[in-house]
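Before any comments, here is the structure.
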Amino acid sequence: VFGRGVFDDETWDELEEILIGADMGLTAATEIIDRIRRDALRHPPGDSGELKEMLQAAIAAEMIPAPILGKHDASLTVIFLVGVNGTGKTTTAGKLARRFADAGGTVVIAAADTFRAAAIEQVAVWADRTGAYLVKHKRGGDSAAVAYDAAAAAKARGADYLIIDTAGRLQTKAPLMEELKKVKGVLTRELPEAHLLSWLVMDATTGQNGLAQATAFAEKIGLDGLILTKLDGTAKGGIVVAVARATGLPVVMLGTGETEADLIDFDSNNFAAALLD
Amino acid sequence: TLAGRFTDILAGIRGRGRVDEKDIAEASRQIRLALLEADVNFKVVKDIVADVKNLALGESVLKSLTPGQQVVKVLRDELARVMGESAVQLKIGKKPDVILLTGLQGSGKTTAAAKLALLLRREGKKVLLVAADTYRPAAQDQLVSLGAELNVDVWRGKTGQTAIDIAAAAVHGESGTQPDVVIVDTAGRLHIDNDLMAEIVALKSAVKPGHILFVADAMIGQDAVNQASAFDDALDFEGVILTKLDGDARGGAALSIKRVTGKPIMFVSTGEKPQDFEVFHPDRMAARILG
Ligand SMILES: Nc1nc2c(ncn2[C@@H]2O[C@H](COP(=O)(O)OP(=O)(O)OP(=O)(O)O)[C@@H](O)[C@H]2O)c(=O)[nH]1
Ligand SMILES: Nc1nc2c(ncn2[C@@H]2O[C@H](COP(=O)(O)OP(=O)(O)OP(=O)(O)O)[C@@H](O)[C@H]2O)c(=O)[nH]1
Ligand SMILES: [Mg+2]
Ligand SMILES: [Mg+2]
């Protein structure tokens, strides 16, 4: 559609399909296209390159600017990673540990997924690879108790960063969401001076259920941002546009692969450009 | 719900007795909205809307229904037709029959391997699980742990072996357990990762599985078609295991995958416990997608 020289009704339909194909959802896609269609009447784009830029800018404008990590007074930053099953929380914990270690910080990781088979072993590998100190209990133990011990360890060691890896859980499971609220409660009580960030880890291949996930987690435990993973695939992750519109939540980082280096800061213009590619 | 949407728009045209062009234009819009919200791929939605339009305008619709009811019936029948008429059985062949599980990262393969093992053992089969994911940290530990919980043997080969070495050894009887069925768990991989797609194709050649199942997450959106087509082109899989159906994702990916590859959904995973696994029923999925 960007290759043709003419803008007609078909153009707008095709542009809407690109946004729908990117998982933005029909509502967001329709509103964005309606808006640039009105703008195009006042300032007609000279060519398809200019049309693409208009669309890219419109998408980028929907995103909330990501807060800069590290710009606060607290000596300890706590990253509470939550999300549904299999989205990449544990791997992201490893990537964050690498980033913080490279920046010269001391890192503690809490193996707070006490439920899933080999969850503790998996995060232990990441702690080992990144030099982070791991706090873990036995499998089947209380997740909040792990968080409690990890908070104590972070204080005792004067850590700069505490990363909490939690078990995946579907947002429809009330007892599991309640458990998460309890774990966060332990962190806020034990580390009142810390800069606590609750980030929802979401898979870029997720469809419209991603909106339900974000609103449910935000409502139950409060969220400060999203990490969108698996952007090295063909999915565009447009669901975060619908999430931004509904919740005002920023995307803070993007997962772009399976190694510890594959974590980049979110940039709305780059994200919008990649969505349209 | 979709039925709810139709009741509203078509309430005003009750008297006419047969569906006409104007009725179908608005109905098409509502069908498109409902299916896109349910994560059905937009190209598949276009095809379905066109099919429903032709069928609803045609003569084959029951005269005893109102126009609204006719359109909903045509849509329900069309979705059921696309999903498949009935459950497709996994037929276990001569021993050792090999089932290869593949799919994208985090879709639920390792968990599904254990669940499928439990289901087959309950049917009286001796199963060997093969932990052939050599990439993800503690992936083999995960399957060994699941196998131990279920009392199912797990083969993990030796450290440093490749996925192909491990799987081939198990299939060629090196585990000494003489299973009826061997289930091979593999690493999650992107359909656009040429090296890893080449690896899974090579693995297929090496172990000659009787069954290849693509494991897909029920909450996938528009990308389902890209993933499934690529895996089907590379491997010609037999069917799909759809996971995480215990959530509230509508599961439109199931419809897209079936429509585009023609391959049936064979099993669904409905929770994190080993028993949360069953044969797929197409009519239930159609109802879920329509909401
Ligand atoms: N391609 C790709 N794969 C990723 C990315 N992030 C994570 N993964 C993979 O996704 C799979 C699941 O990752 P995990 O870190 O175990 O996910 P999780 O959210 O902790 O899963 P649960 O704890 O079981 O809920 C693994 O195979 C990871 O290697 C990414 O950015 N790109
Ligand atoms: N709620 C729910 N969770 C599931 C289901 N199936 C799998 N899971 C969970 O999804 C997460 C990922 O499952 P895995 O079996 O590790 O996925 P995988 O495809 O093997 O992941 P990779 O090997 O990294 O590609 C785990 O937390 C599982 O417990 C399901 O049907 N329902
Ligand atoms: Mg995890
Ligand atoms: Mg696995």
Side-chain angles (χ1 to χ4, degrees), chain A residues 16-27 29-30 84-91 94 115-126 128-129 139 167-173 176 203-210 212-213 216 229-230 232-239 255 257-258, chain B residues 32-43 45-46 104-111 114 135-149 187-193 216-227 230 243-244 246-253 271-272:
Chain A
E16 192 185 78
E17 284 185 343
I18 291 177
L19 301 189
I20 292 171
D23 285 310
M24 227 184 257
L26 190 51
T27 311
T30 310
V84 305
N85 308 70
T87 57
K89 297 174 293 301
T90 304
T91 310
F115 170 75
R116 207 205 70 208
I120 298 171
E121 289 85 331
Q122 183 187 6
V123 75
V125 171
W126 287 111
D128 201 63
R129 285 180 185 175
R139 183 184 174 199
R169 71 206 64 219
L170 298 182
Q171 74 279 13
T172 47
K173 307 206 165 171
L176 299 185
D203 189 323
T205 64
T206 309
Q208 297 310 300
N209 197 253
Q213 292 172 22
T229 62
K230 308 179 197 175
D232 43 321
T234 50
K236 301 294 185 177
I239 190 61
E258 298 188 76
Chain B
R32 180 174 180 253
L33 184 64
L35 293 180
L36 286 177
E37 272 180 358
D39 286 324
V40 180
N41 182 270
F42 76 92
K43 294 190 183 119
V45 172
K46 257 181 164 157
L104 271 79
Q105 290 87 347
S107 58
K109 298 173 292 301
T110 304
T111 317
Y135 299 116
R136 167 172 153 157
Q140 291 178 311
D141 293 337
Q142 185 185 2
L143 192 62
V144 166
S145 170
L146 291 170
E149 275 172 41
R189 66 202 63 223
L190 293 175
H191 49 295
I192 53 170
D193 184 326
D217 192 326
M219 67 182 85
I220 313 174
Q222 301 287 310
D223 199 48
V225 163
N226 300 331
Q227 299 176 11
T243 65
K244 307 177 201 172
D246 43 321
D248 60 2
R250 299 273 290 285
E272 287 188 83

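In what follows, every chain begins at residue 1, and chains take the letters A, B, ... in the order their sequences are listed.
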Subject >> Per-residue contact mode, B:Gln140 against chain A (heavy atom under 4.5 angstrom) >> reply: neither
**OP:** Take A:Gln171 and B:Asp248 through the test side-chain hydrogen bond (donor to acceptor under 3.5 Å, both in side chains) and record every step on the way to the result.
**Re:** CA-CA 9 Å; A:Gln171 74 279 13; B:Asp248 60 2; 3.2 Å; yes
Subject >> B:Thr243 side, atom OG1; A:Asn85 side, atom CG - distance, nearest 0.5 Å >> reply: 9.0 Å
Original post:
Do you know which two heavy atoms are closest between A:Asn209 and B:Met219, and how far apart they sit?
Top reply: CB-CB, 4.4 Å
**OP:** Supply the atom-to-atom distance B:Asp193 CG to A:Glu258 CD, rounded to the nearest 0.5 angstrom.
**Re:** 8.5 Å
Subject >> Option in A:Ala212, A:Ala117, A:Ala124, A:Ala119 with maximal non-hydrogen atom pairs under 4.5 Å from chain B >> reply: A:Ala117
Original post:
To the nearest 0.5 Å, what is the distance between CG (A:Leu170) and NZ (B:Lys244)?
Top reply: 8.0 Å
**OP:** Quick one: which of A:Asp232, A:Val84, A:Thr87 has the most heavy-atom pairs under 4.5 Å with chain B, could you say?
**Re:** A:Asp232
Original post:
Nearest 0.5 Å, what's the CD1-CG distance between B:Ile220 and A:Asp203?
Top reply: 8.0 Å
Original post:
So with a 6.0 Å cut-off around NZ of A:Lys173, is the heavy-atom count from everything else above 12?
Top reply: yes
**OP:** Check whether B:Asp246 gets within reach of chain A through its side chain, its backbone, both or neither, counting any heavy atom under 4.5 Å.
**Re:** both
Subject >> Partner chain B: residue of A:Val125, A:Ile120, A:Leu26, A:Thr91 with the largest heavy-atom pair count (under 4.5 Å) >> reply: A:Leu26
Subject >> Heavy-atom pairs under 4.5 Å with chain A, option from B:Arg250, B:Lys43, B:Arg136 with the top count >> reply: B:Arg136
**OP:** Go through A:Thr205 and B:Gln227 one step at a time and tell me if the side-chain contact (heavy atoms from CB on, under 4.5 Å) criterion holds.
**Re:** CA-CA 10 Å; A:Thr205 64; B:Gln227 299 176 11; 3.6 Å; yes
**OP:** Would you mind checking which part of B:Asn226 comes under 4.5 Å of any heavy atom in chain A, side chain (CB onward), backbone (N, CA, C, O), both or neither?
**Re:** side chain
Subject >> B:Pro137 versus A:Trp126, closest heavy-atom pair with distance >> reply: CG-NE1, 3.9 Å
**OP:** Calculate, to the nearest 0.5 Å, the distance between atoms CD1 and CD belonging to A:Ile239 and B:Gln222 respectively.
**Re:** 10.5 Å
Subject >> Side chain, backbone, both or neither of B:Leu36 within contact of chain A (heavy atoms, under 4.5 Å) >> reply: both
**OP:** Could you give me the CA-CA distance, side-chain angles and deciding distance for A:Arg139 and B:Ser145, then say whether side-chain contact (heavy atoms from CB on, under 4.5 Å) is met?
**Re:** CA-CA 11 Å; A:Arg139 183 184 174 199; B:Ser145 170; 3.4 Å; yes
Original post:
So which of A:Ala118, A:Gly238, A:Gly210 has the biggest tally of heavy-atom pairs under 4.5 Å with chain B?
Top reply: A:Ala118
